2 protein chains.
Amino acid sequence: MLKPHLLFTLLTLAELGEELRGKPVTTYFIAEKLRSSQQTASKRLIELEKLGMINRFKRGEGELITVSSEGLKELNFLFMSLKRIFEPGVEEIVFRGKVFTGFGEGAYYVSKNGYLNQFVEKLGFRPYPGTLNVKLEEAGKGVVKSRELLKALKPIVLQGFESDGRSFGPVRCFKATVNGLGECALIEAHRTHYGSDVIEVISPFNLRRRLGLKDGDEVEVRVFSTPL
Amino acid sequence: MLKPHLLFTLLTLAELGEELRGKPVTTYFIAEKLRSSQQTASKRLIELEKLGMINRFKRGEGELITVSSEGLKELNFLFMSLKRIFEPGVEEIVFRGKVFTGFGEGAYYVSKNGYLNQFVEKLGFRPYPGTLNVKLEEAGKGVVKSRELLKALKPIVLQGFESDGRSFGPVRCFKATVNGLGECALIEAHRTHYGSDVIEVISPFNLRRRLGLKDGDEVEVRVFSTPL
DNA sequence: ATTACTAACTATCGAGTAA
DNA sequence: TTTACTCGATAGTTAGTAA
């Protein structure tokens, strides 16, 4: 987690970016905005750059500073926290991606009694034994990776458990709709086998059949932090 | 301005407040949330209380902690900054209050050429020589004082100037509507004679006549940070 | 002119512990 | 048990100044 004073510096830089679109700035200028010395501004820029939160380019007098997508992610996380306080109940994240066939692992996990009972209890439905895998198409260019935004949402958490001599970790769930169909949930296993550009959805239905989906089809998954 | 680490503590407390409605907490519990020691948590609570950002009440085991309206104001300011980054163009603040008759000072200032030219240039209209004074009715109970929220909005700034051997300060303006009528602007003089519960509105029209207003009538003033 | 190093200073943190 | 003090350690800031 980014230290508070660095996060603030990042926010200041992001605000600046809005005002002076692509104009180079000096460390003195930033220091003024931060209400700090030039030296402190310089040091913080160095730290933020080292952490991959910003990019710096020399430009004659001053330099061009842009907040990286990693940095935007941090700020967005903060934003979501505040949004939950000041604008509760309006949270929604939209994922778009293509359906693909997984290794069938989802079905195995979903069918475990340790999880199954909790699905029924906490999500209100008994899931079809299988998950719909969606590979996200990420917009590039400084856009926050939406999969990461889930961290900012309040999950429904299924407890981990022991079974057959091995342990099953906790699972974070979010109520969702797939192509408008409700009663779905996005699940986020702690030890996932896929990259961060893949999401898994469960539902009481066989989603492929119900929605007539085949590999490569585009779907829209809407995730809600508040009960549907 | 609140120090970053204190603002973060405040945010954590506000988030906690959402979760555990009115449940007492211990400094150990808060420390865990802050990922700090109990001692640090304690110290920060003391500081925040001293600054009037939170209220603390002893409750047997632990204490009840609420974020004060002052504290909410700080968080809201932060929220607005982030909102401008992630959701630009959707900012709007609604004021409600009662019309009252002022000292006629507004007319004097508005008529000054130094300001008048800037009104035309930056707001796009020549204001009627007089301001509509609105006394805000503040909701109590932990609600942020909306007048303070203006600080978070991006103003249109009229430069100060010298005239007749005295100096006139800069003035912050915000495009607004009054009871739905556009082409109005809320003005915020640096040296205002009224308290922070009063706002002044200008417009090319005589607003009282145009909207049929008399002292004590309720009006709704909507302020926008982006051009109307 | 601008950035960033070093060294001295100041603020924040947390272990130990009192109340 | 819980809160908050003291105080030594660490992190953050700034002045001076080199590059």
Side-chain angles (χ1 to χ4, degrees), chain A residues 1-14 16-17 19-68 71 74-75 78, chain B residues 1-14 16-17 19-68 71 74-75 78:
Chain A
M1 189 48 163
L2 206 54
K3 284 180 187 150
H5 68 276
L6 289 181
L7 191 49
F8 267 99
T9 307
L10 201 58
L11 174 57
T12 305
L13 291 172
L16 241 47
E19 282 173 38
L20 346 142
R21 291 233 155 272
K23 287 212 181 62
V25 288
T26 68
T27 51
Y28 289 101
F29 180 75
I30 293 165
E32 194 182 297
K33 293 289 174 187
L34 294 173
R35 295 158 175 269
S36 78
S37 66
Q38 174 271 328
Q39 291 86 340
T40 294
S42 170
K43 201 183 200 187
R44 290 194 186 172
L45 288 178
I46 292 168
E47 289 184 77
L48 284 172
E49 188 179 24
K50 196 148 53 187
L51 291 166
M53 298 293 159
I54 59 169
N55 300 118
R56 314 173 69 183
F57 309 96
K58 285 261 144 49
R59 274 284 180 289
E61 72 235 40
E63 48 192 281
L64 216 133
I65 298 173
T66 56
V67 178
S68 71
E74 287 286 339
L75 289 174
L78 178 63
Chain B
M1 187 49 162
L2 205 54
K3 284 181 187 148
H5 68 275
L6 290 181
L7 191 50
F8 267 100
T9 307
L10 200 58
L11 174 58
T12 306
L13 292 172
L16 240 48
E19 282 173 39
L20 346 142
R21 293 230 154 275
K23 288 213 180 63
V25 289
T26 68
T27 51
Y28 289 100
F29 180 75
I30 292 165
E32 194 182 298
K33 293 289 173 188
L34 293 173
R35 294 158 177 269
S36 78
S37 67
Q38 175 272 327
Q39 291 86 339
T40 294
S42 169
K43 202 190 245 177
R44 291 194 185 171
L45 288 178
I46 292 167
E47 288 183 76
L48 284 172
E49 188 179 25
K50 195 149 53 188
L51 290 166
M53 297 293 160
I54 59 170
N55 300 119
R56 313 173 69 183
F57 309 96
K58 286 261 145 49
R59 274 286 180 289
E61 73 236 38
E63 49 192 281
L64 217 134
I65 298 174
T66 55
V67 178
S68 71
E74 287 285 340
L75 290 174
L78 178 64

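This is a predicted model, so every value here is computed, not measured. Values below: every heavy atom of this structure, side chains too, minus hydrogens, waters and symmetry copies.
By the side chain to side chain contact (heavy atoms under 4.5 Å, CB included) test, A:Pro24 pairs with A:Arg59, sequence neighbours left out. Contacts of A:Leu16 classified as side chain to side chain contact (heavy atoms under 4.5 Å, CB included), with partners at least two apart in sequence or in another chain: A:Leu20, A:Phe29, A:Ile30, A:Lys33. Take A:Glu32 and apply the salt bridge (charged side-chain N to carboxylate O under 4.0 Å, His left out) test, not counting sequence neighbours, and it matches no residue. Scanning for salt bridge (charged side-chain N to carboxylate O under 4.0 Å, His left out) contacts around B:Arg56 gives B:Glu49, B:Glu63, with sequence neighbours left out.
Rounded to whole Å, the distance from CD on B:Glu63 to P on D:dT2 is 11 Å.
Each end of the helix from C:dT2-D:dA19 to C:dA19-D:dT2 yields a helix axis from five base pairs, and these two axes differ in direction by 40° (to the nearest 10 degrees).
In the 5' to 3' direction, nucleotides of DNA chain C lying under 4.0 Å from heavy atoms of chain B begin and end at C:dT12 to C:dG16.
Taking every heavy atom of residues 32-42 of chain B and every atom of DNA chain C, pairs under 4.0 Å involve B:Ser36, B:Ser37, B:Gln39, B:Thr40, by number. Contacts between residues 50-57 of chain B and DNA chain D, counted as heavy-atom distances below 4.0 Å, involve B:Arg56.
Residue B:Lys43 is classed as a base contact, given a heavy-atom separation below 4.0 Å to a base.
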Distance-only criterion, 3.5 Å: show the donor-acceptor pairs between side-chain atoms of residues 38-47 of chain B and protein atoms not counting sequence neighbours.
from	atom 1	to	atom 2	distance (Å)
B:Gln38	NE2	B:Thr27	OG1	3.3
B:Thr40	OG1	B:Ser37	OG	3.2
B:Arg44	NH1	B:Thr9	OG1	3.0

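Residue B:Lys3 places none of its side-chain N or O atoms closer than 4.0 Å to OP1 or OP2 of D:dG12.
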